[in-house]
Amino acid sequence: MQLASTVALVALATSVVAEGFLHFDVEKRAPSTPYPRLRKRATDPIDAQIAQNTKNYQEYLINITVGTPGQQLGVTLDTGSSDLWIPSATFCNSNQCDFGSFDPSKSSTYETVDAGGFNITYAAPGDSDAGDWASDSVTLGGSQAIKNQTFGLSDAGYDVHGVMGIGFDQHETTAPNGERTYPTVVDNMVQNGLINRKAYSLYLNSYNQSYGSIVFGGVDTTKYTGDLVALPLQPGPNDEGTIEFFVTLSKVTFTDAKGASTVLTPDDYAQSVLLDSGTSYTALTNDVIDKLASGMGAVSIDDNYDMAVPCGFANTNATISYTFGGSDGPTVVVPMSETIGTSQENECVFGFGPAIGGISILGDTFLRSAYVVFDIDNAVVAIAQAAENKQATSSIVAIPTGTEIPGVSSTATASGTQLDSSAAEATPTLATASYSGHHTTSILAATPTFDLGAAISGSASSGGYGGQSGSSSNAAVPAMTGLPHAALLGAGLVVGALAL
Ligand SMILES: *[C@@H]1O[C@H](CO)[C@@H](O)[C@H](O)[C@H]1NC(C)=O
Ligand SMILES: *[C@@H]1O[C@H](CO)[C@@H](O)[C@H](O)[C@H]1NC(C)=O
Ligand SMILES: *[C@@H]1O[C@H](CO)[C@@H](O)[C@H](O)[C@H]1NC(C)=O
Ligand SMILES: *[C@@H]1O[C@H](CO)[C@@H](O)[C@H](O)[C@H]1NC(C)=O
Ligand SMILES: *[C@@H]1O[C@H](CO)[C@@H](O)[C@H](O)[C@H]1NC(C)=O
C-alpha cells in the first residue's frame with residue numbers, strides 16, 4: 001500500500017518538476033563557541049568523558065527555514081542518519097545555540113505531533129537530543145516549501161545546532177506515536193514533486209574552501225574527474241539490510257612524497273565502510289590505522305585515539321588512495337593536506353581513528369576528495385574523484401525516475417563484510433603523545449617512517465599550530481605547541497539504530 005501511493009506520487013511529481021533538481025551550498029564551519037552545557041556540567045563524572053569529545057571539528061551545514069513565516073537555522077548535513085531535528089528557542093535561550101533556533105509560538109503552521117516522543121542518540125558519548133516530534137513547513141535555500149515535514153524539536157540535549165539526516169527512512173531513530181518510520185526530507189522532496197528520485201550528489205570541496213554543494217535529484221558533471229562508478233550498497237551491521245550507505249572498501253594505499261606506494265590493507269581486504277558526512281574523520285580497521293599512524297609518526301592525544309601530527313605535515317605531497325568494489329574498482333586519491341585539520345585550539349589533528357563500535361566510516365577527511373551520488377531508491381552510490389574548487393552550477397543534469405544515474409557507465413560489485421565482534425573490540429597500537437614544557441603545553445610527535453618530502457625536513461614547525469611554516473632544528477621530532485584535546489569526532493552515526 002505504501003509502495004502504491006509512492007508510485008502515484010512519483011507520477012504526479014514528474015508533471016510538476018521544473019528542473020527536477022535542487023542545488024544548495026553547503027558551508028564548512030567550526031562551531032563558533034564551545035558547548036556551554038558541557039562546561040556547566042563539567043563536575044559530573046560522566047561529563048569528563050563527554051568533555052573530552054568537545055572537539056571543535058569542521059562540519060558541513062545547510063540553511064533551512066522552518067515555519068510560517070520562516071525562521072532560519074543552520075543544520076549539519078548528515079548522510080549517516082535520517083532524522084531532521086532543530087533546537088527550540090526555549091533550549092537556546094538558556095544554552096547558547098550557534099546557528100539559530102526555532103520558536104514554535106511564532107509559526108502559524110506549527111503542530112506538535114508527539115509531545116516528548118523525540119530522542120536521538122549519536123555515536124559520541126553523551127550525545128543525545130530530545131524533545132517533541134513536530135510538524136511544520138520546511139524550506140531549503142529558497143526552494144518551494146515542504147508543507148508538512150515531521151522533525152524533532154529539541155529542548156534538552158547535547159548539540160547546539162540541529163542535524164538534517166538524509167539517509168533511508170528505515171534508519172530513523174523512531175517515529176512519532178509508535179510508528180516505525182515517517183517521511184524524511186528527501187522522501188518529501190519526491191512526494192512534493194521537487195525531485196524525481198530519492199537521490200542526491202554531495203561535493204564537500206577541499207579543506208581550504210568554505211563552501212561545497214549538494215544537488216538533490218541531480219548530478220553536476222563538472223565537479224568530478226574520470227568516470228562515476230556505481231557501487232551496490234552493502235548490508236549494515238546486525239542484519240539490518242541495505243539501509244545505510246555502506247560500500248565495499250577493497251584497498252588502501254599510501255603514496256609517499258617521492259611516489260613510492262605502501263599498501264596498508266591486507267590481501268583480499270573487503271571491508272564494508274559507511275560514507276558519512278556527519279563524521280568529520282575517517283575510522284578504519286586497526287591493521288590500516290596502525291600502519292598509517294606509525295608511518296606518519298602520529299601520536300594519540302587522548303583515550304579516544306584522537307591523533308595529532310606536526311602542522312607542517314599538511315604540506316606533504318603524499319596521498320592516500322581508496323579503492324572500492326574490488327581491485328579493479330574506482331579509486332579516490334586523498335591528498336594528506338585534506339586529512340590534517342587545525343582545531344579551534346590550534347592542534348593539528350590527524351583525521352583518522354579506529355572503527356567505532358566495529359563500524360568503519362569514511363567521513364569528511366575522505367569525502368572532501370570524492371564526488372558521491374547517493375541513490376536511496378536503488379540502494380546504490382556512485383563515486384568519482386572530486387574536481388577541486390569548482391563553483392559553476394550550469395552543468396547539473398536531473399536524475400530521472402528509474403535506475404539510471406547520469407554519468408555512470410559501470411558498476412564494481414565486490415561485496416564487503418562488517419567486523420566480527422572480537423575484531424570490533426580490538427584496540428589500535430598507537431604511539432602515545434609525550435609532552436615537554438610546563439602544563440603539557442608541547443606535544444612531541446613520533447618519528448615518521450614514510451617519506452613526507454620537504455614538509456618534514458624544511459618546515460616542521462615549532463610552536464607552529466595553525467600555521468604550516470616555521471623552522472625547526474629538530475625536524476624528526478617536531479614540537480607541537482598547544483593543549484592536548486580531543487578533536488574531530490563526528491555526530492553522524494546513530495547509536496540507537498546500531499542497537500537494533
Ligand atoms: C547560511 O546563512 C548564513 C547567514 O545568513 C550565511 O552567512 C551562510 O553563508 C549561509 N550558508 C549557506 C550554506 O548557504
Ligand atoms: C535520551 O536517550 C538517552 C539514551 O537512552 C538518555 O541517556 C537520555 O537521558 C534521553 N534524554 C531525555 C531528555 O530523555
Ligand atoms: C503530515 O505528515 C504525516 C506524516 O507523514 C501524516 O501522517 C499526516 O497525515 C500529514 N498531514 C497532512 C495534513 O498532510
Ligand atoms: C586548496 O587545496 C587544493 C587541494 O589540496 C589545492 O590544489 C589548492 O591549491 C589549494 N588552494 C589554495 C588556495 O590553497
Ligand atoms: C610538492 O611538490 C611540488 C611540485 O613537485 C614541490 O614544489 C614541493 O616542494 C613539494 N612539497 C613538499 C612538501 O615536498
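Keep in mind that what you see is a predicted model, and the values were worked out from it rather than measured. Every number for a ligand or one of its atoms is a count from 1 in the order of the listing.
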**Message:** Counting non-hydrogen protein atoms only, what is the nearest one to atom 5 (O) of ligand 1? Give residue, atom name and distance.
**Reply:** Q72 NE2, 3.6 Å
**Prompt:** Got the closest protein heavy atom to atom 4 (C) of ligand 2, with its distance?
**Reply:** T121 OG1, 3.6 Å
**Prompt:** Step by step, would you call D220 with T222 a side-chain hydrogen bond (donor to acceptor under 3.5 Å, both in side chains)?
**Reply:** CA-CA 6 Å; D220 187 339; T222 60; 2.8 Å; yes
**Asked** For residues S81 and H171, is any side-chain donor paired with an opposing acceptor at under 3.5 Å?
**Response** no
**Request:** Fit a plane to each ring of F324 and Y322, take the angle between them on a 0 to 90° scale, and name the class: parallel (under 30°), tilted (30 to 60°) or perpendicular (over 60°).
**Result:** parallel
**Request:** Using ring-ring contact (aromatic ring centres under 6.0 Å, His included) as the criterion, point out the one residue from F21, F24, F216 that pairs with Y200.
**Result:** F216
**Request:** Please say whether T150 places an N or O atom under 3.5 Å from an N or O atom belonging to ligand 3.
**Result:** no
**Request:** Among V138, N188, V163, find the one that has a side chain to side chain contact (heavy atoms under 4.5 Å, CB included) with L84.
**Result:** V138
**Request:** Please confirm whether D25 comes under 4.0 Å of ligand 1, counting heavy atoms of the residue only.
**Result:** yes
**Prompt:** Does ligand 3 have an atom under 4.0 Å from some heavy atom of P183?
**Reply:** yes
**Request:** Could you label the plane-to-plane angle of the F245 and F168 rings as parallel, tilted or perpendicular, counting under 30° as parallel and over 60° as perpendicular?
**Result:** tilted
**Message:** Considering non-hydrogen atoms of the protein only, which is the closest contact for atom 9 (O) of ligand 1, and what is the distance?
**Reply:** Y211 OH, 2.6 Å
**For atom 12 (C) of ligand 1, the option (of I214, N63, I64) bearing the nearest heavy atom** = N63
**Request:** Give the residue and atom name of whichever protein heavy atom lies nearest to atom 8 (C) of ligand 1, and the separation in Å to one decimal.
**Result:** E27 OE1, 3.3 Å
**Asked** Can you tell if the side chain of I166 reaches within under 4.5 Å of the side chain of T184, non-hydrogen atoms only?
**Response** no
**Asked** Can you tell me which residue and heavy atom of the protein come closest to atom 6 (C) of ligand 2, and the distance to 0.1 Å?
**Response** N119 ND2, 4.2 Å
**Complete:** atom 2 (O) of ligand 3 sits nearest the protein heavy atom N148 ND2, 2.4 Å
**Request:** Specify whether F118 and W133 have parallel, tilted or perpendicular ring planes, treating 30° as the upper limit for parallel and 60° as the lower limit for perpendicular.
**Result:** perpendicular
**Message:** I need the atoms of ligand 2 closer than 4.0 Å to a non-hydrogen atom of S128, numbered in the order shown.
**Reply:** 3 (C)
**Request:** Please write down residue, atom name and distance for the protein heavy atom closest to atom 13 (C) of ligand 2.
**Result:** A130 CB, 3.5 Å
